[in-house]
Protein chains: 2
Amino acid sequence: MNAPEQHFSSAPPLPAALIDALRAEFAERCSTALAVREQHGRDESIFDVPPPQAVVFAESEAEVARVVALCAEHRVPVIPYGAGSSLEGHLLAVRGGVSLDVSRMNRILRIDAEDLTVTVQPGVTRKALNEALRHEGLFFPIDPGADASLGGMAATRASGTNAVRYGTMRENVLGLRFVSANGEVVRTGSRAKKSSAGYDLTRLLIGSEGTLGVITELTVKVHPLPEAVSAAVCFFPSIDAAVRTAMQIIQIGVPIARCELLDANAIKAVNAHDKLGLKEAPMLLMEFHGSEAGVAEQAATVQDVAADHGGEAFEWATTPEARTRLWTARHHAYFSALQTRPGCRALTTDTCVPISRLAENINASVTEVEAAGLPYFIVGHVGDGNFHMAYLLDPHLPEELATAERLSAQMVARAIALEGTCTGEHGIGLHKQGFLLDETGPEAVAVMRSVKAALDPLGILNPGKIFPL
Amino acid sequence: MNAPEQHFSSAPPLPAALIDALRAEFAERCSTALAVREQHGRDESIFDVPPPQAVVFAESEAEVARVVALCAEHRVPVIPYGAGSSLEGHLLAVRGGVSLDVSRMNRILRIDAEDLTVTVQPGVTRKALNEALRHEGLFFPIDPGADASLGGMAATRASGTNAVRYGTMRENVLGLRFVSANGEVVRTGSRAKKSSAGYDLTRLLIGSEGTLGVITELTVKVHPLPEAVSAAVCFFPSIDAAVRTAMQIIQIGVPIARCELLDANAIKAVNAHDKLGLKEAPMLLMEFHGSEAGVAEQAATVQDVAADHGGEAFEWATTPEARTRLWTARHHAYFSALQTRPGCRALTTDTCVPISRLAENINASVTEVEAAGLPYFIVGHVGDGNFHMAYLLDPHLPEELATAERLSAQMVARAIALEGTCTGEHGIGLHKQGFLLDETGPEAVAVMRSVKAALDPLGILNPGKIFPL
C-alpha cells in the first residue's frame, strides 16, 4: 500500500562522496546490503516503501552527530531507527537516505535511586531498563506493549498500559540530549522534577518523530516498586458495560494503575495462541498499586462498580506468575490475532477521546465494523479514553484495505468530533497527516511547519513524516 | 534597579496611527493614563522600568487578535497582562509598547465534570475557578500562592504547593487557544487526556512567558475533591532535619499532596502578622489527600519518618477551618515578612534540584546568607526539591542589593551544579537570562531563539524576556 498522497520512488542515489565518507568512518557499521536495508525499511505499518539506501550503526553521540553532519553536507535524509516497532510508518525512507540505527547505544548511564531518575542511551529498551531497575526496587512504568527503545518511545510520545496512573513519555522524561539538524548536540531539561527555565524543548522533541533532532540521551523518572500489586480480570455482558465500568472507575478517582479492555475477538485469539482458557467475553484487565490496605480498598471499590454493570467472574492474581499470565494475554493480543487469519496484516487505528465519550466512540466503531464484515479485534487503554481497533486484512484483496481505510477514517473523524485526538499514542507518521490537519486546523499545522523549518532548514531529518513532503 | 545588561529608556513614542486605531476600536478600554500604565508596568519584581505606553483591556479573543494585528502592523511590542503577580519582570515594558490586559476575559466557559476538564478564559484566577468547582465536587490543584490568572500561570509554567502530587501547569493543561504574532488564532491539544498528534504546541506555549503568543483560552484537568483531607505541621531542630524528612517521604513513595517548608524567620513573620502562635522553628506543613484509610496510613508513615529526624509537636488539622489557619501561614509568609522590615523589598530566588541534593543546596544557602548578615526567610515546596530564598532589602542601600544579587547568583550556580534548574516555577523573565544560558548551554538557547524567530519574526511579543534584546 502507498501512503495517501505520497510518492516514494524518486529518491536519487546517495552521493558517492557521502557513502565513501560513511564507509571510511564507520567501516562495516555502514551497510548497503539489501537485507540490512530492508530490515530498516519496514515497521509494523502496512506501507510498502523502498528501503533506505544505507544503514549506519552509531555507537556514540559523537557518531550520531557525525552522521547527521555528513548527511546535512550532502542534503541527504537521516531517519533515526531504534527498535523498529513503530506503527505509522515513522521509519520508512520515503525520500531515501540513511537509516541511523541507535540500537547499539544501549547503555544505562546512571541510576539515581534516591532521586527516582535514570539516564539512558536511546537504544535502551523498556524491558532492559526494568531488568536493571528491579534490583533497586524501582520500575519504569511506560509500557507500549512492544519492547520499544526509549529513544523511539520519546520520539512518538508513547504511553501504553500504565499511563492511566503514571502518565506518558510526555510526563516521564525530565531531560534529553539530541543532535540537531546541523550536527550540534543540544541539552534540554535537568534532573530537577520541575523547571520554568525557558521554552520546553524537552516536550518539543517528545512526539517530534525524528523530524526535529536525533535523541541521544534521556533522563526519565522511575518509581518505587509498589509495596503491593494486585491484578484482576472481570468479564462483562457487552463492550458497553465494560467501558462504562472503566469510565466510572476514573470518574470517581480510583488511582488504578492499569485498566485495559480486550474484546471477545482478542480473547479468542490469545486463548488459541497461549491456551489461557479465559472466558470469551469483553474483559477488563486491571492492576492496582499501593500499600496492602490501599490495594484492597481500590479492589473493593472496583468490584462494586463492576457489579453495577453486570461484571462477573472476577479473577484475582496477586503473585507475579499469575499476573504475568494475565498480562501475557494483553501483550500477545496483536500477534495472536494476526495468526487467526493466516497471511493477514493488521491495519490498526488509535484514537483517544474524553472519558465520557468513550462508550459512544467504541460502540459506533463496533457497529460499523460488524456491518462491514471485516475480521477485527479491539484492545484499549480505556482508563485513558484510548483504544485500538485492528482490522485484519488479506493484503491481496484491495477491497478489504479500502474497507478498512474507510472504517478507520470514520472512527478517527468521530474521535475528533467527540473532542478527542486522531492518535492517542501511535503518532502521525505517514498515515494520519490529513487527520492531524482535521484535528488541529491549518493554523496549528502552519505553526508546526514553521518550527520544523526553523530547526531543520534543509529538511533532512526524517522528511515526509507528520507533514506531507 | 535595572535588569542586568538591559537598557530601557529608548522606546520611541507609539505611532499616532496605532493609538488612533486602538482608541477608535476600544474607546475607553484603551488607556494612556499614567496611573493605569504604571499599574501595568510593575509586578512583584524589583526592576524599575518605564511603564507601557498604552493599556488595552480586551474582552474577547477577537479583540486580542485585533490588538496583536494592529501592533504587528506598526511593529510595536505587545505585553500580555493577567493578574500582575509575576516575579521576574515578565510584564515590564522594556521596549515600550502596549500592555494587553486580559483580566476581563474571566469567564469559565465549560465544566465537564464527567471528564474532569474545564475550559476557561485566560483571566480566570485560580481562586475564582475553585469557587466555581467546589459545587461540582472538583478542584483545580495548581496553587502558586498568589491569586494568579490561569493564562499567566500557563505562560510562566507555574506550580506551587500541590505540584508534588498533582504536577504543574505543564501536566495540567490539555489544550490552549492562542493568538500568534500575526494575529491568527491557533488551537492546540484537545480534551483527550493524551495525544501523539504532532508537535506539542501546548507545552511550547506553557512557559513561553508571552513571547510566542497570547493565550486566549485554556482547557485544564481538574480533580475530584478527595474523600478525606488532613493537614499537619511538625517542627524540627534544624532546617536540615526538616528537609531530610521531606526527602525521605518522597523517596519512599508516600503520595503526599503538599509538603512545604517554612523556616523560623518565616514563622516569626506570620506569627506577628496573623497571631498564629506557631512554634518559631523550622516547620514542615503537610497535607494528605485520599480515602479515610489512605490518609491515616500516609499520616502514620510520615510521623514515623519525622520522628527519626527529631520532628516533634505534630499538630493535626482535619477540619477546613483548621487547615485554612495553617495554609494562611504559608500564603501570608511573603507579605508578612515584608512587614518585618518596613520599607523593604524582597529579592526572591527560586531554584529546584534533584531531591537528594536539596539539603545540601539549602544548608549552603543558609550559611551564606547568615554570613552576609542580610535579613531573609525561606519557604519551599520541598517535596519537589524546590525552595525560595527571599532577601529583604532596603531599596535605598545599593550595597544590600549587591549583596543579595551575589548571594542569589551563588545559590543559582549551586543549583545548576547540583543538576537542578535556575528556576523551578518563577520563570526567566528579565532576571535570569544569564542563568538560563548557564543551565542549558548556548546550543539550547540558540534553538529557543530560532523558535522565537519562527513564531514571532517581527519580535513584537513581549520582547526582551527569556533572551536579551
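Taking the charged nitrogens against the carboxylate oxygens, D200(A) and R203(B) have no contact shorter than 4.0 Å, which rules out a salt bridge.
For the set P255(A), S356(A), G290(A), the count of heavy-atom pairs under 4.5 angstrom toward chain B peaks at S356(A). The most heavy-atom pairs under 4.5 Å with chain B, out of T188(A), I355(A), L116(A), L205(A), come from I355(A). Interface remark: of the candidates L418(A), N386(A), L204(A), N386(A) forms the most heavy-atom pairs closer than 4.5 Å to chain B. Of all the listed residues (A163(A), C352(A), A197(A)), the one sharing the greatest number of non-hydrogen pairs under 4.5 Å with chain B is A197(A). Ranked by non-hydrogen atom pairs under 4.5 Å with chain A, the options G213(B), A192(B), G175(B), G385(B) are led by A192(B). For the set T211(B), D112(B), T301(B), the count of heavy-atom pairs under 4.5 angstrom toward chain A peaks at T211(B). Of all the listed residues (V185(B), L212(B), V353(B)), the one sharing the greatest number of non-hydrogen pairs under 4.5 Å with chain A is L212(B). With respect to chain A, the highest number of heavy-atom pairs below 4.5 Å among H223(B), M247(B), E297(B) belongs to E297(B). Note: G424(B) leads G294(B), G420(B), G424(B) in heavy-atom pairs under 4.5 Å with chain A. Each of G207(B), S190(B), G137(B) has some count of heavy-atom pairs under 4.5 Å with chain A, and the biggest count is that of S190(B).
With contacts defined as side-chain heavy-atom distances shorter than 4.5 Å, the pair I252(B)/P224(A) does not qualify. Contact of the S196(A) side chain with the E88(B) side chain is not registered, since no non-hydrogen atoms from C-beta on lie closer than 4.5 Å. The closest side-chain heavy-atom distance from L201(B) to M448(A) is below 4.5 Å. Side-chain atoms of V164(A) and K193(B), non-hydrogen and from C-beta on, do get closer than 4.5 Å to each other.
In this structure, R157(A) and Y199(B) approach most closely via the heavy-atom pair NH2-C, 3.8 Å. Taking each heavy atom of R187(B) and E439(A) in turn, the nearest pair found is NH1-O, 3.1 Å. A pairwise comparison of heavy atoms in A444(B) and V186(A) identifies CA-CG1, 3.6 Å as the closest pair. Contact detail for I428(B) and G198(A): the closest heavy-atom pair is CG1-N, 3.5 Å. Considering every non-hydrogen atom in both S450(B) and A454(A), the closest pair reads O-CB, 3.6 Å. Minimum interatomic distance between S195(A) and T421(B) (heavy atoms only, all atoms of both residues): OG-OG1, 2.8 Å.
Separation of atoms OG1 (T202(A)) and CZ (R170(B)) is listed at 7.5 Å; rounding is to 0.5 Å.
Using a 4.5 Å cut-off between heavy atoms, E227(B) does not touch chain A at all. Heavy atoms closer than 4.5 Å to chain A are found in the side chain of H381(B), but not in its backbone. Of the two parts of E425(A), the backbone and the side chain both hold a non-hydrogen atom closer than 4.5 Å to a non-hydrogen atom of chain B. Contacts of C422(B) with chain A are made by side-chain atoms alone, with heavy-atom separations under 4.5 Å and no backbone atom involved. At a 4.5 Å heavy-atom cutoff, the contact between T168(B) and chain A is made by side-chain atoms alone. Proximity to chain A is limited to the side chain of E184(B), based on heavy atoms less than 4.5 angstrom apart.
For S159(A) and K194(B), the side-chain atoms include at least one donor-acceptor pair closer than 3.5 Å.
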